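This structure is a prediction, so every number in the text was calculated from the model and none was measured.
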Amino acid sequence: MILFWIQTAGILTMWVPARWALTAFQVAILCLAAYRCVVRWRQGRGIGLDPSGITLTCIIAWGAVQLAAGWTVDAFRTQEVMLDWTVNLAAFALALELSDRTRETFLTWMLAFATLLSILAMLTAFSSPPGVIAWWLDVGTNTATLGPFVYRNQYAAFVEALLPLALVRAFLDRERTWLYVVAAGLLFASVIAAGSRTGAALCLAEVLFIPLLMGRRGAWRAILGIATSVAALTLVAGWEPLYARFQEPNPYGLRWNLVQSSLEMIKQKPLTGWGLGVWSEVYPGFALFDDGSFVNQAHSDWAQWTVEGGVPFLALVIFLLVRVLRPAWRSVWGLGIIIVFAHCLVDYPMQQRPALATFFFVMLGMVTQSSSLRSHLKSGPPTP
């Protein structure tokens, strides 16, 4: 379970502004991947060829093509983003090769980690000063922090990936239904407390939709337990921050302006893109307004991917998503990663925090190799 400890360490240190934290995380992932390659070679197993893994390799290669052809406006930034995608590929491959038992253990531990993190997130959101991690580490953002997360929508995306797992296990594991019910309630309530509008809507969709997919498999005890836990813990956490954000005039006006600017960038270079990682450098030339602040992201990963990599890059990412649709539907809990990609339409969960993006690709690998819900029902509830 080295992958679990590396990934959790990466999430816990995302807030560190210095490069050493991210470098340590990425080096650890790459070293573990290299070690597994050596082990497979000694066992005579070779390196498997998965279509999603090949697609991720093509994404990295596209960055190299941009560098070689001189299409990028910032070669250094493009190289940095290529490294991030290489780490995503390594993490995806590591998750892909896990056995069923090890995968279930990883998911159990990650769900426990996320549940503990949700408690910390609610405590820090309400009591830690703005821009201060865990009451004493000032990161200078001047916004509420949520445990190690400095941005509410990135925290919401993290919960979106794991909330369906808690919901599904509440139905499948009759002996520990109450445990997963409480975990689901805490995860949901923490997103409400964070004040993420899109995150709250998507998590609510998961809470309503997943029980319908489970049908008669979990009986009314799980359904009532989930409803009670979600309602009670949300009341405890408080919905005032979320309500206040919904009262903001034209809440998505900024995002729409940024999307319009991104569309103009795409029209200029639809096939080659401007270069991976360079959106913030290109944006000033296409800005529709200027309030004196630095705009670091497009607030839409899909738009930013297309600006930076062009239509070919967008096609590769779409193929990744299409590839995981069937196993996500069959496992039900895997729908969380689909929800994250939906969140990417109006925000940037995949940008700015490479360790968080790597976590999503670990989950992508888990879902790709996951067994169907039917096999879970035959073999009994998952155990650590």
Check whether the ring centres of Trp109 and Phe113 lie less than 6.0 Å apart, and answer yes or no. no
Ring-ring centroid check Phe171 Tyr180, cutoff 6.0 Å: no
For residues [X] and [Y], report the shortest heavy-atom separation together with the two atoms involved.
X      : Y      : answer
Val159 : Ser190 : CG2-OG, 4.2 Å
Phe106 : Met1   : CA-CE, 3.1 Å
Ala200 : Ile192 : CB-CD1, 3.7 Å
Leu165 : Leu107 : CD2-O, 3.6 Å

With distance as the sole test, does Ser261 use its side chain to make a donor-acceptor pair with the main-chain N or O of Asn257 at under 3.5 Å?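 Looks like yes, one N/O pair under 3.5 Å.
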Taking the six-membered ring for Trp, are [X] and [Y] parallel (under 30°), tilted (30 to 60°) or perpendicular (over 60°)?
X      : Y      : value
Trp305 : Trp302 : perpendicular
Phe149 : Phe158 : tilted
Phe313 : Trp85  : perpendicular

Under the side chain to side chain contact (heavy atoms under 4.5 Å, CB included) rule, what do Trp274 and Trp71 come out as? Steps first, then yes or no, please. CA-CA 6 Å; Trp274 293 85; Trp71 293 339; over 6 Å; no
Any chain of hydrophobic side-chain contacts (each under 4.5 Å) joining [X] to [Y]?
X      : Y      : value
Phe341 : Phe319 : no
Leu202 : Phe359 : no
Val132 : Leu123 : no
Val322 : Leu89  : yes

Can you list the steps and then say if Arg77 with Glu281 is a salt bridge (charged side-chain N to carboxylate O under 4.0 Å, His left out)? CA-CA 10 Å; Arg77 277 295 297 145; Glu281 297 180 44; 5.1 Å; no
The test is side-chain hydrogen bond (donor to acceptor under 3.5 Å, both in side chains); show your working for Gln260 and Glu264 and say whether it passes. CA-CA 6 Å; Gln260 287 181 298; Glu264 290 301 317; over 6 Å; no
